[in-house]
Amino acid sequence: MLRVTVEGKERSVEDGKLIADLFEDRSVLAARLNGRLVDLSAPLEDGAEVEPVRFDTEEGRDLYWHSASHLMAQAVKQLFPEARVAIGPAVPEGFYYDFEVPKPFTEQDLARIEKRMKKLSQQRVRVEHRWLGREEALELFRSRGENYKVELIENLPDERISVYQQGDFVDLCRGPHVADTGRIKAIKLLSVAGAYWHGDEKNPMLSRIYGVAFPSQEQLDEHLARLEEAKRRDHRKLGVALDLFSFHEEAGAGLMFWHPKGAVLWRMIEQYWVKEHLAAGYQLIRTPQIARGHLWETSGHYAHYRENMYTLMVDEEEYVLKPMNCPGHMLIYKTRVHSYRDLPLRLTEWGTVHRYERSGTLHGAMRVRGFTQDDAHIFCTAEQVESVVREVVELSLKILRGFGFEEFRIDLSVRDPNHAEKYFGTDEQWQMAEGVLHKVLQDIGLPFHRAEGEAVFYGPKIDIKLVDALGREWQCPTCQFDFNLGERFNLRYTGEDGQHHGVFLVHRTVLGAIERFVGILTEHYGGAFPTWLAPVQARVMAVTDAQNDYARQVYDRLQQRNLRVEIDARSDKIGYKIAEAERMKVPWMLIVGAREAEAGTVSVRRHGRGDLGPQPVERAMESILEEVAVP
RNA sequence: GCCCAUGUAGCUCAGUCGGUAGAGCACUUCCUUGGUAAGGAAGUGGUCGCCGGUUCGACUCCGGCCGUGGGCUCCA
């Protein structure tokens, strides 16, 4: 008899029993055996501690999707025997598998593969784990023509190679996996895409299939509904539908045109942002769009960033369309001698920059070639660094909360201590800066992730990701030290001691790029912006033509209070006008018919909430005005 | 940049075998004057992304270019 602890409870089981024998429940996918993740087929030993692993945990989902990717590979090999399998891991939203095939898969192939997967699932094919010797494994995959697997094994240091077999399909894999294909229930293959072997464009292009799977159809349906919701909120669709912005083939890819309604968003965001920044001691500046090549030599961009820069010839000299605002800000700093009494100096600019991005990386408003950064550079002394960083992080969080974001994920990127030579700046500078960033995050009390080796070469940084209404993460604010630029431009200040000292330079943005931020806001709110941001805050609608004069009076009163208001005096039925206003997501709809005209009221309807009944015009207006103030 | 898909009216999309194009919505006009998510009729609107080729003839077939979309090592 073996004595084992299962979910904290002691049990005895017969010798030779497997973990699978402990759980009748088929929702158990694998187990933790003494803390190690193992297959259900793993043998029990005396004194073992066993915890079941189900789909409801991250590791459970990972192995479930990993098993689903194997199931897909099995189906693909049956339908396309000439396919070579490459790699097939789980990813945060499902799984994929890469194949080398004579011609790439099509959407039609996906339906066939999915069908075969379901068939294999119904057959409950056993998934068996085996250990092979290195040579044995190489021979196995060589004989099957799986040269990608052979390459992978050749790069493995181990003498024992782990493989999984399900029916006619065998794959190199560390595991663990579900015990049989019947565990993979509700399956959906989503898309096919090209992917390079090892992600390197010098390698052959493989055909990748993405999919997702769940233990129940309900969970799959829910997941697909979430994907649908994301599609409905797509800023590219809403941008057109709400008349916010456009892109034009004749103007060039990645260049955004702001329509009146989109420009209102820009203006309101800027207005709120400027208010907060002036209160925090920032000073607004402006710098030119182009500058001589010389400046970019000084800054180092010529040497390291050239392939992303647009250049133009002027009188036989090369000028650069600015890809960054930093060098311009350095020049302004250098126009006078600075005393420690002037610091910290906070220079900020909504600076429009242009960067050549590879065509394949462009994406709606989220990734463009011309965009405006809410940029700032803070020049300070060593003593001021901590308070400067603290105020940057606090200001960032405050502003994002003002836009309705409540949840954040914070990354602290520090240098790789084993490769100190890769970085610019002294050990003292790095230690001090990293220490300060760490301390500030601790003091603020929000959880953060310390990413070793993720710092850029010129300094450590804090990145803040905001979480939107659909739980997606967007990295916007960043706060980074720059030990490089200060030296390149030889930035100095005069200290209390009368000596020159190098400044500490902090580079930061809150929104990142305005184009992208408006895209994020649009998706976060699904286009239904809060009243203070809404391009149109209220629309007055007459029930019949007989109320058009009264509607005009109401409209005038709202406009006199600086509300962004429209009037709908067309000869259409009120239901039609409401449908359109709802579709345009106008937050306040004011309906006036004969009764309202008689009583001097308006019927108030809120977007998404419906009819709130009649109110005196003054009261309705006050309610709107309450929501109009920037946060 | 590369792979795949894709580009037809302002928007969403049909268009068979190669014989120069359709629908719904939007827009304009007329009828309708109505009470909380789409009343009716008529009309306007297209160099079928661009350039070239094959053909008697190209939205359709071929080539190049441009745009758009999904992707391009979160370790077998």
Side-chain angles (χ1 to χ4, degrees), chain A residues 62 66 69-70 73 85-93 96-98 100-101 103-109 137 141 146 148-156 158 161-164 171-175 190-210 231 234 236-237 240-241 243 246-255 307 356-364 541-548 569-584 589-596 603-614:
Chain A
D62 268 8
H66 192 183
S69 92
H70 276 224
V85 294
I87 60 166
V91 287
E93 293 277 293
Y96 68 78
Y97 214 115
D98 287 347
E100 186 196 275
V101 275
K103 64 177 196 287
F105 295 112
T106 64
E107 301 284 335
Q108 288 79 33
D109 294 332
F141 287 106
E146 298 290 6
Y148 292 98
K149 296 296 173 190
V150 171
E151 186 185 324
L152 289 168
I153 295 170
E154 281 167 347
N155 290 322
L156 287 177
D158 319 340
I161 302 295
S162 164
V163 300
Y164 278 81
D171 201 355
L172 166 71
C173 190
R174 187 188 291 150
L190 294 167
S191 61
V192 49
Y196 297 102
W197 174 235
H198 288 314
D200 187 336
E201 46 190 274
K202 289 186 206 73
N203 286 333
M205 175 72 70
L206 306 172
S207 193
R208 172 175 297 181
I209 301 175
Y210 280 93
K231 233 185 242 177
D234 190 320
R236 293 167 300 186
K237 292 249 179 236
V240 173
D243 201 12
S246 56
F247 292 89
H248 300 273
E249 188 176 341
E250 50 269 69
L255 301 171
E307 66 278 15
Y356 174 78
E357 303 284 359
R358 302 163 99 208
S359 59
T361 62
L362 301 176
H363 180 87
M541 292 174 261
V543 174
T544 76
D545 290 352
Q547 290 87 45
N548 280 352
R570 295 174 297 183
S571 301
D572 281 303
K573 291 174 77 166
I574 192 64
Y576 177 87
K577 297 182 183 183
I578 286 168
E580 187 186 84
E582 287 283 357
R583 215 165 41 236
M584 293 303 286
M589 288 160 277
L590 305 180
I591 289 131
V592 294
R595 295 196 293 271
E596 289 81 3
S603 274
V604 177
R605 183 186 166 100
R606 290 304 312 273
H607 169 74
R609 271 186 250 165
D611 189 3
L612 302 183

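Proteins get letters first, then strands, A, B, ... in listed order; numbering begins at 1 in each.
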J.: Identify which nucleotide among G67(B), U12(B), G34(B) has an atom closest to any side-chain atom of A253(A), counting heavy atoms from C-beta outward.
T.: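 Between G67(B), U12(B), G34(B), the one nearest the side chain of A253(A) would be G67(B).
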
J.: For E151(A) and W197(A), does a side-chain donor sit closer than 3.5 Å to a side-chain acceptor?
T.: yes

J.: Determine the contact category for H363(A): base if any of its heavy atoms lies under 4.0 Å from a base atom, sugar-phosphate if only primed atoms, P, OP1 or OP2 are that close, otherwise nothing.
T.: sugar-phosphate

J.: Indicate, with a heavy-atom threshold strictly under 4.0 Å, whether A137(A) touches base, sugar-phosphate, or nothing.
T.: nothing

J.: For the side chain of K573(A), counting heavy atoms from C-beta on, which of G39(B), A37(B), A76(B) is nearest?
T.: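 Closest nucleotide among those given: G39(B).
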
J.: At less than 3.5 Å, do the side-chain atoms of R583(A) and the base atoms of A37(B) form a donor-acceptor pair?
T.: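 Per atom types, no contact qualifies.
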
J.: Across the strands shown, which category fits F247(A) at heavy-atom distances under 4.0 angstrom: base, sugar-phosphate, nothing?
T.: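 The answer is nothing, as F247(A) stays clear of every strand by at least 4.0 Å.
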
J.: What does R208(A) touch in the nucleic acid at a heavy-atom separation under 4.0 angstrom: a base, only the sugar-phosphate, or nothing?
T.: sugar-phosphate

J.: Look at the side chain of Y210(A) and decide which nucleotide, out of A76(B), G1(B), C72(B), has an atom nearest to it.
T.: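 Nearest to the side chain of Y210(A) among the choices is C72(B).
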
J.: G575(A) near the nucleic acid: base, sugar-phosphate alone, or nothing, with a heavy-atom cut-off under 4.0 Å?
T.: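 Sugar-phosphate contact only.
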
J.: Applying a 4.0 Å non-hydrogen cut-off, can you work out what S207(A) is touching in the nucleic acid: base, sugar-phosphate, or nothing?
T.: nothing

J.: Contact class for F141(A) vs. all strands (heavy atom < 4.0 Å): base, sugar-phosphate, or nothing?
T.: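 Nothing: the residue F141(A), judged by heavy atoms under 4.0 Å, touches no strand.
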
J.: Have a look at A193(A) and say if it touches a base, only the backbone sugar-phosphate, or nothing, with a 4.0 Å heavy-atom cut-off.
T.: base

J.: Using a cut-off of 4.0 Å on non-hydrogen atoms, how would the nucleic acid contact of G613(A) be classed: base, sugar-phosphate, or nothing?
T.: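 No contact.
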
J.: Base, sugar-phosphate or nothing for R236(A)? Non-hydrogen atoms, less than 4.0 Å.
T.: sugar-phosphate

J.: Base, sugar-phosphate, or nothing for R609(A), non-hydrogen atoms under 4.0 angstrom?
T.: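 Answer is nothing: R609(A) stays at 4.0 Å or more from every strand.
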
J.: Of T361(A) and E596(A), whose nearest nucleotide on RNA chain B comes first from the 5' end?
T.: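 With T361(A) and E596(A) compared, the 5'-side residue is T361(A).
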
J.: Please determine, for the side chain of E249(A), which listed nucleotide (G49(B), C72(B), U36(B)) has the closest atom?
T.: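 My answer, after comparing the listed nucleotides, is G49(B).
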
J.: Taking the side chain as every heavy atom from C-beta outward, state whether L612(A) and R605(A) have any pair of such atoms under 4.5 Å apart.
T.: no

J.: Just to be sure I understand the rule, does I591(A) reach a base, reach only the sugar-phosphate, or reach nothing, if contact means heavy atoms closer than 4.0 Å?
T.: base

J.: Between the side-chain atoms of Y196(A) and the base atoms of C3(B), is any donor-acceptor pair under 3.5 Å?
T.: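 No pair found.
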
J.: I want to verify a distance call: between A38(B), C66(B), A76(B), whose nearest atom is closest to the A579(A) side chain?
T.: A38(B)

J.: Are any side-chain N or O atoms of K577(A) and backbone N or O atoms of R570(A), one a donor and one an acceptor, separated by less than 3.5 Å?
T.: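 Present.
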
J.: How is F105(A) classified with respect to the nucleic acid when contacts are heavy atoms under 4.0 Å: base, sugar-phosphate, or nothing?
T.: nothing

